[in-house]
Amino acid sequence: MPLLDRLYNFAHWLTHNREEAEDLVQETYLKALKGFASFQQGTNFRAWMYRILRNTFLTSRSGLSLKMTVPLDREEDAIGQPADTPEAVLLARADHQMVQSALERLPVQFREVIVLCDIEEMSYQEIAEIAGIPMGTVMSRLARARKSMRELLEEKLRGASK
Amino acid sequence: MTCDWVPKLDLYVDGELFGSELTEVETHLQACPTCAADALSRLQLKRMTQAAGRRFSPSREFRARIAQSIKSEKRPRWAWRWAPALAAAAVVLMLIPAAFWLQHSRSEQALAELADFHVSTLASANPVDVVSSDRHTVKPWFQGKLPFTFNLPELQTSPFRLIGGRLTYFQQSPGAQLLFEVGKHQISVFIFQNRAELSRLNSGSSLSRKLAFNTETWVDGGLWYFVVGDASPSDVHDLSELLRSANR
């Protein structure tokens with residue numbers, strides 16, 4: 001069940017919690033089975049499953065509490081800002097754990113686009129479909145999310161090198 | 001100073017640029033060390049995230065629980081009505097050849113006939129009547145020749161290339177045969193008006209085994225589609241997905 005592994009990884013990144021991730025995935029499968037009627041043939045099945053999972057998460061208790069606390073204004077500003085290139089050398093020193101903890105600290109709306117794009121290797125189009133946002137928002141959200149990732153990592157690395 | 005190309009760098013790193021836009025960015029990256037370093041840094045972060053992010057996997061008990069709950073949810077009446085959707089789900093969810101319950105020798109025979117068309121097309125000196133990689137040329141060519149019309153997907157962002165199309169007849173009905181190329185492999189897509197006899201035809205795994213072809217069939221918008229070729233199952237599936245998405 002290859003999709004199970006991917007969905008579970010996504011669920012765990014959303015919930016930070018094994019039990020909640022399991023519940024979320026199980027509910028997703030049940031909803032998917034019950035909702036085949038609403039699955040339009042010819043549309044992207046993988047994206048459909050992720051969308052169910054995401055919506056289930058957002059309506060869960062932990063999802064609802066998270067949704068309230070994320071600032072989403074001025075998303076457009078992040079596109080077109082250069083990655084601070086001198087930091088590339090510094091970034092290279094980051095290890096798995098640092099990257100993981102940086103990703104964990106991101107607000108969920110940022111975390112999910114990073115997970116979908118970088119880890120699940122989805123196209124912008126698929127991410128737009130899953131998150132129910134326009135492509136432009138996917139791009140700006142990714143740009144902001146990555147900027148935050150970089151800042152978190154640099155902060156950590158600077159702290160570590162002192 | 002920020003280079004004008006910076007907004008394109010994420011797209012470049014994410015593989016979202018195609019055609020001339022991709023070439024332009026690549027050319028620029030060779031000339032601009034600042035952007036090259038920037039792109040490298042973005043790529044580095046993406047790779048690190050990818051490596052660090054595949055982190056959680058379901059336990060064996062949970063896997064079994066899911067498999068069990070899928071089993072108990074399945075009801076036989078679906079098999080008839082939602083066969084194609086269930087088949088798609090089964091492939092993804094259970095990794096078993098999906099169409100096993102739809103194997104009929106009659107259906108096999110009919111599909112084998114279409115697969116023969118595919119082979120004879122490839123063997124022909126003039127495989128297609130309209131030669132064009134442009135869907136806006138191929139589609140109108142069928143106008144007036146067929147009692148129906150269909151949509152072709154945008155292929156620029158895909159590994160597939162449209163070679164052309166020809167008119168074909170199957171069970172006394174006219175239809176379109178489109179020829180696509182992926183790598184060195186060629187794939188035929190047959191499109192006919194859906195009829196009861198056609199919608200019963202489903203490409204089962206035994207057909208693929210027998211003919212050494214990968215195939216996919218579905219019905220969409222009153223049309224019946226049959227995709228056949230010696231390309232990999234995933235290529236055949238991806239092309240099918242593209243065709244289905246064109247009708248959305």
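Each chain gets a letter, A, B and so on, in the order the sequences are listed, and its residues count up from 1. Here the structure is a predicted model, which is why all the values come from computation and not from measurement.
The two residues A:Leu4 and B:Arg63 have their closest heavy-atom pair at CD2-CG, 3.5 Å.
Against chain A, the residues from residues 48-57 of chain B that qualify, each with a non-hydrogen atom under 4.5 angstrom away, are B:Met48, B:Thr49, B:Gln50, B:Ala51, B:Ala52, B:Gly53, B:Arg54, B:Arg55, B:Phe56, B:Ser57 in number order.
Applying the ring-ring contact (aromatic ring centres under 6.0 Å, His included) criterion to A:Tyr124, with sequence neighbours excluded, gives no partner residue.
Residue B:Thr157 does not touch chain A at all, counting heavy-atom pairs closer than 4.5 Å. Residue B:Leu11 touches chain A through both its backbone and its side chain, counting heavy-atom pairs closer than 4.5 Å.
Here the side chains of A:Gln26 and B:Ile66 are in contact, with some heavy-atom distance below 4.5 Å. Residues B:Ser59 and A:Arg18 form a side-chain contact, since some pair of their non-hydrogen atoms from C-beta on lies under 4.5 Å apart.
Top candidate by heavy-atom pairs under 4.5 Å with chain A, chosen from B:Lys46, B:Glu16, B:Lys8, B:Arg65, is B:Glu16. Comparing A:Gln97, A:Arg46, A:Met149, A:Glu121 by heavy-atom pairs within less than 4.5 Å of chain B, the highest count is held by A:Glu121. For the set A:Asp95, A:Val25, A:Leu103, the entry with the most heavy-atom pairs within less than 4.5 Å of chain B is A:Val25. If you tally non-hydrogen atom pairs under 4.5 Å between each of A:Glu22, A:Glu120, A:Gln125 and chain B, the highest count goes to A:Glu22.
Within a 6.0 Å sphere centred on CD of A:Glu19, heavy atoms belonging to other residues, nucleotides or ligands number 12 at most.
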- Task: Any chance you could lay out the side chain to side chain contact (heavy atoms under 4.5 Å, CB included) test for B:Asp14 and A:Cys117, step after step, and finish with the verdict?
- Result: CA-CA 8 Å; B:Asp14 290 331; A:Cys117 183; 3.6 Å; yes
- Task: Tell me, with the steps shown, if A:Asp118 and B:Leu45 meet side chain to side chain contact (heavy atoms under 4.5 Å, CB included).
- Result: CA-CA 9 Å; A:Asp118 293 346; B:Leu45 181 64; 5.9 Å; no
